[in-house]
Amino acid sequence: MTDNPTEVLRRLLHAQGFGPILQAYSPSPDDLLSRLLAILDKVAAEYHARAGSSTPFTLEALVAESSRNPHKVRAFFQATRLTNTPEMLVMVWRILEGFSIQEIKMNYQKRCIFEFVVVLSRPESQTEPQETYRSTTIFDARLLRHFGTATAAGQPSFNGFFPLDQDYVTPETVATHSP
Amino acid sequence: MIGGTDIVIPAKGVPETLDACARMVREYWPMARFENALTGEKFRQYADVPFGYVRELLIYPDPEAESAWDQSDADAAPNSMLYLILSSESVTIVLDDPIAEPMQSMLHSIHDFLRAGKVNTFAEAA
């Protein structure tokens, strides 16, 4: 018998430490789970359109990855609390898969323009084209909090996408901001 | 051979610590290969490494270095492997020569990365 997707996602979120957030969600935890399932569908479609490979956003795949790399799945679900833009969430997952952050551009003019562009590449491949991800939703800039900041050979390097301590995760709700 | 120097960096003993180290090493060794030091399980690329399970990780700069180590330690060039050991309060990096480049820069990068602050969960231990 196949598990109910809502219950699988509920267990996954509890295992990742999102239980209190889930319980506190208004109007109900089930509402949050439904929204997340809908977002996962959209992210899966975006991922397939870009990568052309099987999606890692099935619940079965996320549960398996949660065992192999719990911090990556936690970081991803934390990102869903900051954005529901499928393109941005695919960008997040590509970084978690190991893509390198080649370039970040942000163009902002008060009450006029916001554009956030992230260019990724696969470090071990000289031939694969770079991937470019764009958003015009200002809330998506909050994703930068999760980017690892470093230097490599003395030069600046954003590297990786990491979960925040739960204390740092603000009580924003998923899917609050429309793209 | 390997084992000249142990570099101990305070850090939380969580999967993201080892992950962060691996990512930083890839900045210098983009063709890096990985191996679970406790089981011998090989990982052709970063994406294959299950950081939730792995506590000790060998990283080779490229497939050739990995092959040399697989055949015989004596054939392996100095600094052609890193050995990362995650414990509850630190990560230990074992390597031949921490002064030679790019190892010195790599160690600085890893150290700074692990102390980068609230973005990662390592700061309190630093």
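Convention: sequence-line order gives letters A, B, ...; per-chain numbering from 1.
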Engaged part of B/Met24 at the chain A interface, taking heavy atoms whose separation is under 4.5 Å
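Both parts, heavy atoms under 4.5 Å.
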
If you round to the nearest 0.5 Å, how far is OG1 of A/Thr151 from CZ of B/Phe113?
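Going from the CZ atom of B/Phe113 to the OG1 atom of A/Thr151 covers 10.0 Å.
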
Approximate separation, where rounding is to 0.5 Å, of A/Phe161 CZ and B/Asp19 CG:
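Here the rounded value is 13.0 Å.
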
What residues of residues 52-62 of chain B make heavy-atom contacts with chain A at a cutoff under 4.5 angstrom?
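So the qualifying residues are B/Gly52, B/Tyr53.
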
Can you name the residues of residues 40-49 of chain B that have some heavy atom under 4.5 Å away from a heavy atom in chain A?
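The stretch touches chain A at B/Gln45, B/Tyr46, B/Ala47, B/Asp48, B/Val49.
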
Below 3.5 Å, can you tabulate the donor-acceptor pairs from side chains in residues 109-123 of chain A to any protein atom, sequence neighbours excluded?
| from | atom 1 | to | atom 2 | distance (Å) |
| --- | --- | --- | --- | --- |
| A/Ser121 | OG | A/Gln102 | OE1 | 3.1 |
| A/Arg122 | NE | A/Glu128 | OE1 | 3.2 |
| A/Arg122 | NE | A/Glu128 | OE2 | 3.1 |

May I ask you to decide if B/Pro50's main-chain N or O and A/Asn69's side chain share a donor-acceptor pair within less than 3.5 Å?
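Not a single qualifying donor-acceptor pair exists.
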
Can any side-chain N or O of B/Tyr28 pair as donor or acceptor with the backbone N or O of A/Ala153 at less than 3.5 Å?
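Such a contact is found between B/Tyr28 side chain and A/Ala153 backbone.
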
Can you run down the salt bridge (charged side-chain N to carboxylate O under 4.0 Å, His left out) pairs that involve residues 22-31 of chain B, sequence neighbours left out, and say none if there aren't any?
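Matches after skipping sequence neighbours: A/Glu124-B/Arg26.
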
Counting heavy-atom pairs closer than 4.5 Å to chain A, which one of B/Ser105, B/Ala22, B/Pro15 comes out on top?
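That would be B/Pro15.
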
Output the option from A/Glu65, A/Glu97, A/Lys72, A/His71 having the highest count of non-hydrogen pairs under 4.5 Å with chain B.
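Top count of heavy-atom pairs under 4.5 Å with chain B: A/His71.
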
Is there a path of hydrophobic side-chain contacts, each under 4.5 Å between heavy atoms of I, L, V, M, F, W or Y residues, that connects [X] with [Y]?
{"X": "B/Met31", "Y": "B/Met103", "result": "no"}
{"X": "B/Leu18", "Y": "B/Leu38", "result": "no"}
{"X": "B/Val8", "Y": "B/Ile85", "result": "no"}

Contact class of A/Ser125 relative to chain B, heavy atoms under 4.5 angstrom:
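When you check distances to chain B, no heavy atom of A/Ser125 falls under 4.5 Å.
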
